[in-house]
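Report on one structure; see the data block that follows.
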Amino acid sequence: MRTTYVSGLLALGASVAARSNIILETDLFSDVDDVGALLLATTLKQSNLLAVNINVPSSYSALAGSALLGYYGHPDTPLGIAQPIDDRTFFDGWAFKLGEYTSKVGYHFREYSSLAWDADDKGKLSVNETWDAVKLYRKVLSEAEDDSITICSIGFFNNLSGLLNSTADEFSSLSGPQLIAAKVKELVIMGGEYPAGREYNFFGDNPLYTAHVVNNWQGKMTFSGAELGGNVFSGAGLMKDGPDADPAKKGYLWYTYGEARESWDPLTLVYAVLGLDDWFEYAGQGGRNHVFPNGSNEWVWDEQDTRGEQRWLKLKPSYETAGMWLDELYLKGAREAVRGCKHKRH
Ligand SMILES: *[C@@H]1O[C@H](CO)[C@@H](O)[C@H](O)[C@H]1NC(C)=O
Ligand SMILES: *[C@@H]1O[C@H](CO)[C@@H](O)[C@H](O)[C@H]1NC(C)=O
Ligand SMILES: *[C@@H]1O[C@H](CO)[C@@H](O)[C@H](O)[C@H]1NC(C)=O
Ligand SMILES: CC(=O)N[C@H]1CO[C@H](CO)[C@@H](O)[C@@H]1O
């Protein structure tokens with residue numbers, strides 16, 4: 001196995017039609033691997049990022065998300081967030097080791113953001129320019145070509161559950177499930193453990209939302225489990241060699257203090273954009289994921305279930321190689337962003 005990842009670069013000449021239309025559903029709040037995923041979603045040539053929805057309702061998540069989008073050349077990509085928003089911040093009260101990065105990325109890169117950092121007289125940040133996540137799904141899906149959208153879910157399931165429950169509105173006369181059936185090509189999910197287990201994205205917020213989405217979604221679903229990204233470490237190269245003023249580099253440093261991080265979310269994003277490519281193969285075809293009310297999950301074999309193909313991902317290269325490939329992609333994206341950086345807002 002070669003150790004340098006080139007197929008992403010070879011595809012540079014690929015036509016625009018070969019790009020994947022991505023809606024990113026992220027819990028950009030605690031773990032920094034969402035930042036790695038967002039870096040790739042905004043800088044991979046094969047990614048056509050249509051919208052970002054955040055499922056933790058923190059004003060700092062919105063500010064960080066907006067700053068990252070602006071910095072990486074996507075100032076007009078709409079940003080949605082679960083409502084109502086509050087001012088919660090992350091604190092690592094488990095290991096007392098990991099730092100908080102959303103408020104710092106939001107503040108230090110505020111010049112790239114389309115949201116105002118200014119606090120009102122009660123100290124509350126103004127983030128009222130963000131979309132309600134479910135409305136944003138309905139708008140983007142209603143405007144899309146049929147069967148053209150990949151939703152890449154790397155966080156919790158409140159917004160997707162809200163989308164499933166949604167009804168006709170100003171954007172579309174279709175219900176949530178009808179809109180999904182018409183427009184969504186694939187739902188790619190970081191969450192669960194395969195063939196069975198227990199993972200944070202599934203149980204960490206409201207596991208009933210997870211069960212609602214995974215057990216009812218009609219259409220193709222691909223799962224990236226705890227065991228996949230949990231063994232692949234990345235980010236050290238970006239922290240060491242990345243451009244000084246890169247917000248993803250800073251986010252990683254503020255979170256891990258220089259240590260490589262597990263790669264659950266960026267690996268999932270790579271699959272959502274590139275497909276299997278040299279990175280992945282499928283497992284579990286013919287079976288279904290089932291999520292229990294407590295958020296644990298199990299792969300079941302049920303021939304009565306005709307909801308559409310489901311599978312989970314396995315890695316093709318070694319864990320070390322995949323980590324190296326990720327770092328190459330982070331560095332390439334961060335370096336290109338420096339060259340293209342002409343999009344300060346304020
Ligand atoms: C956001 O708040 C500002 C200040 O209160 C107001 O001027 C603006 O119209 C609001 N924008 C939206 C979209 O509600
Ligand atoms: C959507 O509806 C299901 C019941 O059909 C409910 O369990 C779930 O909480 C609802 N989701 C949201 C986000 O309110
Ligand atoms: C979750 O529920 C499943 C099914 O009832 C059960 O097998 C499993 O032990 C539960 N897990 C936890 C951690 O409670
Ligand atoms: C419109 C809608 O259903 N939005 C949901 C997104 O998730 C939050 C939970 O954080 C729900 O309260 C909202 O109803």
Side-chain angles (χ1 to χ4, degrees), residues 23-29 51-58 61-62 65 78-86 88 94 130-142 149 151-184 187-219 221 223 225-227 230 264 284 287-302 304-305 307-308 310 312:
I23 303 177
L24 187 64
E25 174 69 46
T26 166
D27 59 329
L28 183 81
F29 177 70
V52 174
N53 271 328
I54 300 176
N55 45 61
V56 178
S58 164
S61 297
L79 182 71
I81 183 163
Q83 311 279 344
I85 300 174
D86 57 37
R88 72 185 68 183
W94 187 57
T130 53
W131 283 83
D132 172 283
V134 174
K135 277 200 186 313
L136 182 55
Y137 270 120
R138 294 190 55 86
K139 176 176 192 289
V140 174
L141 291 178
S142 70
I149 300 288
I151 298 177
C152 181
S153 170
I154 55 174
F156 303 127
F157 293 84
N158 44 349
N159 294 327
L160 285 170
S161 174
L163 170 62
L164 273 177
N165 291 354
S166 65
T167 52
D169 62 2
E170 68 266 42
F171 301 115
S172 170
S173 59
L174 301 181
S175 69
Q178 290 170 329
L179 200 50
I180 290 163
K183 307 294 184 177
V184 178
L187 172 59
V188 180
I189 291 178
M190 194 287 119
E193 203 173 340
Y194 301 92
R198 190 166 167 77
E199 184 276 333
Y200 180 70
N201 281 354
F202 275 15
F203 73 77
D205 179 41
N206 183 338
L208 296 177
Y209 292 155
T210 314
H212 178 227
V213 172
V214 173
N215 299 344
N216 291 287
W217 191 272
Q218 308 273 333
M221 276 194 280
F223 297 92
E227 73 287 350
W264 301 284
R288 310 279 159 197
N289 201 3
H290 182 78
V291 176
F292 298 106
N294 62 15
S296 295
N297 75 290
E298 188 176 288
W299 206 255
V300 293
W301 306 91
D302 175 6
Q304 309 301 311
D305 189 331
R307 281 182 300 143
Q310 298 189 22
W312 78 80

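All residue numbers refer to positions in the sequence shown, counting from 1. Values reported hereafter were calculated over all heavy atoms of this structure, with side chains retained and with hydrogens, waters and symmetry mates removed. Note that the coordinates shown come from a computational prediction; the quantities given were computed from them, not determined experimentally. Both counts, for ligands and for their atoms, begin at 1 and track the order of listing.
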Next item on the list: Verify the neighbour count for atom CH2 of W301: are there more than 12 heavy atoms of other residues, nucleotides or ligands below 6.0 Å?
Entry: yes

Checklist line | For E199, all residues meeting side chain to side chain contact (heavy atoms under 4.5 Å, CB included), sequence neighbours excluded | finding: M190, N201, F202, A226

Next item on the list: Output the list of atoms in ligand 2 that are nearer than 4.0 Å to some heavy atom of N158, sorted by atom number.
Entry: 13 (C)

Next item on the list: With rounding to the nearest 0.5 Å, note down the distance linking CD1 in I151 to CD1 in I180.
Entry: 6.5 Å

Check: Centres of the W312 and Y194 rings: under 6.0 Å?
Finding: yes

Next item on the list: Output all residues satisfying side chain to side chain donor-acceptor pair (under 3.5 Å) with T26, sequence neighbours left out; order by chain, then residue number.
Entry: D34

Checklist line | Contact check: Y209 vs ligand 2, nitrogen or oxygen atoms, below 3.5 angstrom | finding: no

Next item on the list: Record the part of L164 in heavy-atom contact with ligand 2 below 4.0 Å; permitted values are side chain, backbone, both and neither.
Entry: neither

Notebook entry, point to check: What residues sit with at least one heavy atom under 4.0 Å from ligand 3?
Noted result: R198, F292, N294, S296

Next item on the list: Kindly indicate whether the side chain of L141, heavy atoms from C-beta on, has any atom under 4.5 Å from the side chain of L163.
Entry: yes

Checklist line | Sequence neighbours excluded - salt bridge (Lys or Arg N to Asp or Glu O under 4.0 Å) pairs with any residue from residues 173-183 | finding: D146-K183

